[in-house]
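Notes for the one structure printed next.
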2 protein chains.
Amino acid sequence: MDADIDAAASATPARILDIAERLAQTWGFNGFSYADIASELGITKASLHYHFATKAILGRALLLRYSEKFDVALTAIEAVRDASLKLRRYASLYEQVLVRDRMCLCGMLAAEYSTLPVAMQVELRRFFDKNEAWVARCLEDGRAGGTLTFEGDAVDAARALTAGLEGAMLLARSYGEPTRFAAVAKRLLRELDLAHSAVRTNRKTVN
Amino acid sequence: MDADIDAAASATPARILDIAERLAQTWGFNGFSYADIASELGITKASLHYHFATKAILGRALLLRYSEKFDVALTAIEAVRDASLKLRRYASLYEQVLVRDRMCLCGMLAAEYSTLPVAMQVELRRFFDKNEAWVARCLEDGRAGGTLTFEGDAVDAARALTAGLEGAMLLARSYGEPTRFAAVAKRLLRELDLAHSAVRTNRKTVN
DNA sequence: GTCTATAACGAGATAGAC
DNA sequence: GTCTATCTCGTTATAGAC
């Protein structure tokens, strides 16, 4: 098939990005070099520069691809009806990254923000903006639909949730204990859950 | 005074750490070099190596001093009676760092964790452990005293709070908007506040 | 305690052959 | 599209004079 041939012919850039992505999620964008990718892929540094002329270009491509993959994942979750379940699926996206001993690429890049090429800084903020908008919409839908509860602006609540997930990831990875993340995620989601909140309300009124 | 003379005589290591600390909080531990410190301090790289033989030693000293300073700050907060206010003061420690365009040193190092010398990894976890214990104790006191409310283990709640604060800091700094942090912090603390929680409970029962 | 000088290495990047 | 070879620069670190 032509598609397969083309895919095979253009496989090298994708494989480069695969390796670079894992290294960036593990050591940070400034923590790996062209030499690291080259040795792992079995080609020379010069060949890497043919595909990605500069590291800044590679980094931007990394972010764009990651953002697209994230879009696909979010779209898949869109099919879910229940907003509460949607959020649990969303949180599990983070967890899947963590159990592979990686940080969220964008959380990692956020830490390195001030050292990144401007083009990467722009793309990183774009990623967070999209992410935040998706979560905010999900929260708003859930509140309107009567499955979620939170106060104030949905965007603020979305920021609190993503901040909690990113931070929990950061800390859990330092301990090599993904369960630390899971516990925090569960707690964050529980607070948004109307069903659980109602239980808590009842308990209070009984007291 | 002898103390002053001694302080002046041993001022160089402290000034080195001051600069290194700011650079580490801005660019990361791997984001600055001895040359950066040397040029800013007006001495040579060789002189730096006299005070801190290797960068790993410098990094560990950085962490130890930061941890001590944090202890002092926490002890100062201890004087506060109200647990809710105590937590607000705690959160404002983070905010004070952020408004100076810095990341929490330990949040930054957590991102770089896998690239750090083992001695720094150990010290970093020690810092988080102490931090977590302090917050957990504060939460427990507040719950017992009837000013705070949360479910389950205090340690879990403490981890959720610190994760939220660290993550919010990370994201706020990428946008150069400290208000993003403040909004998330306010939300996190509000959820722990019994007074506010009671209001919410009342509102629910009215509905 | 600070200096000059230098070692030893790794980084990103380029030229030009195949 | 990949290679060899090389350049230039920045990095941590050391030797030895002052």
Side-chain angles (χ1 to χ4, degrees), chain A residues 2 4-24 26-63 108-109 112 114-121, chain B residues 2 4-21 23-24 26-63 109 112 114-121:
Chain A
D2 277 11
D4 286 347
I5 291 170
D6 288 344
S10 65
T12 306
R15 285 199 291 167
I16 292 170
L17 290 177
D18 286 341
I19 295 171
E21 186 177 278
R22 177 171 45 76
L23 293 175
T26 312
W27 315 103
F29 183 70
N30 297 320
F32 73 91
S33 70
Y34 271 40
D36 294 324
I37 305 173
S39 77
E40 194 164 330
L41 193 51
I43 64 174
T44 62
K45 289 191 293 172
S47 298
L48 289 181
H49 280 286
Y50 168 81
H51 295 287
F52 300 98
T54 69
K55 205 184 174 189
I57 290 172
L58 171 65
R60 184 158 181 277
L62 214 51
L63 260 172
M108 187 65 107
L109 295 180
E112 298 180 288
S114 60
T115 71
L116 296 179
V118 176
M120 287 184 70
Q121 294 182 337
Chain B
D2 277 10
D4 287 346
I5 292 169
D6 288 344
S10 65
T12 305
R15 285 199 291 166
I16 292 170
L17 290 177
D18 286 342
I19 295 171
E21 185 177 281
L23 294 175
T26 311
W27 314 103
F29 183 71
N30 297 321
F32 74 90
S33 69
Y34 271 40
D36 295 323
I37 304 174
S39 76
E40 194 164 332
L41 193 52
I43 64 174
T44 63
K45 291 187 290 172
S47 298
L48 289 181
H49 280 286
Y50 169 79
H51 294 288
F52 300 97
T54 69
K55 204 184 175 188
I57 289 173
L58 171 64
R60 184 158 182 277
L62 215 52
L63 259 172
L109 295 181
E112 297 179 288
S114 59
T115 71
L116 297 179
V118 175
M120 288 184 70
Q121 294 181 337

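Reminder, nothing fancy here: chain letters follow the sequence lines and each chain counts from 1.
- Taking Q121(B) as the reference, nothing meets the side chain to side chain donor-acceptor pair (under 3.5 Å) condition, with sequence neighbours excluded.
- The side chain to side chain donor-acceptor pair (under 3.5 Å) search around T115(A) returns N30(A), not counting sequence neighbours.
- Contact of the L58(B) side chain with the L17(B) side chain is registered, since non-hydrogen atoms from C-beta on lie closer than 4.5 Å.
- If you check residues 41-54 of chain B against DNA chain D, the residues with a heavy atom closer than 4.0 Å are K45(B), A46(B), H49(B), T54(B), listed by number.
- Rounded to whole angstrom, the span from the NZ atom of K55(A) across to the P atom of dT14(C) amounts to 15 Å.
- When the ring pair (Phe, Tyr, Trp, His ring centres under 6.0 Å) test is applied to F32(A), the partners found at least two apart in sequence or on another chain are F29(A).
- Listed by first and then second residue, the salt bridge (Lys or Arg N to Asp or Glu O under 4.0 Å) pairs involving residues 27-38 of chain A amount to none (not counting sequence neighbours).
- Evaluation of the side-chain hydrogen bond (donor to acceptor under 3.5 Å, both in side chains) test over residues 41-55 of chain B, restricted to residues two or more places apart or in two chains, returns T44(B)-S47(B).
- Contact between the side-chain N/O atoms of S33(B) and the OP1/OP2 oxygens of dG10(D) is not found at any separation under 4.0 Å.
- Y34(B) places its OH atom 22 Å from the P atom of dT6(C), with the value rounded to the nearest Å.
- Note: CZ (R15(A)) to C1' (dT2(D)) measures 13 Å, nearest angstrom.
- A straight line from CD1 of I37(B) to C1' of dG10(D) spans 15 Å, rounded to a whole angstrom.
- When the C1' atom of dG10(D) is taken as reference, atom CH2 of W27(B) falls 16 Å away, rounded to whole Å.
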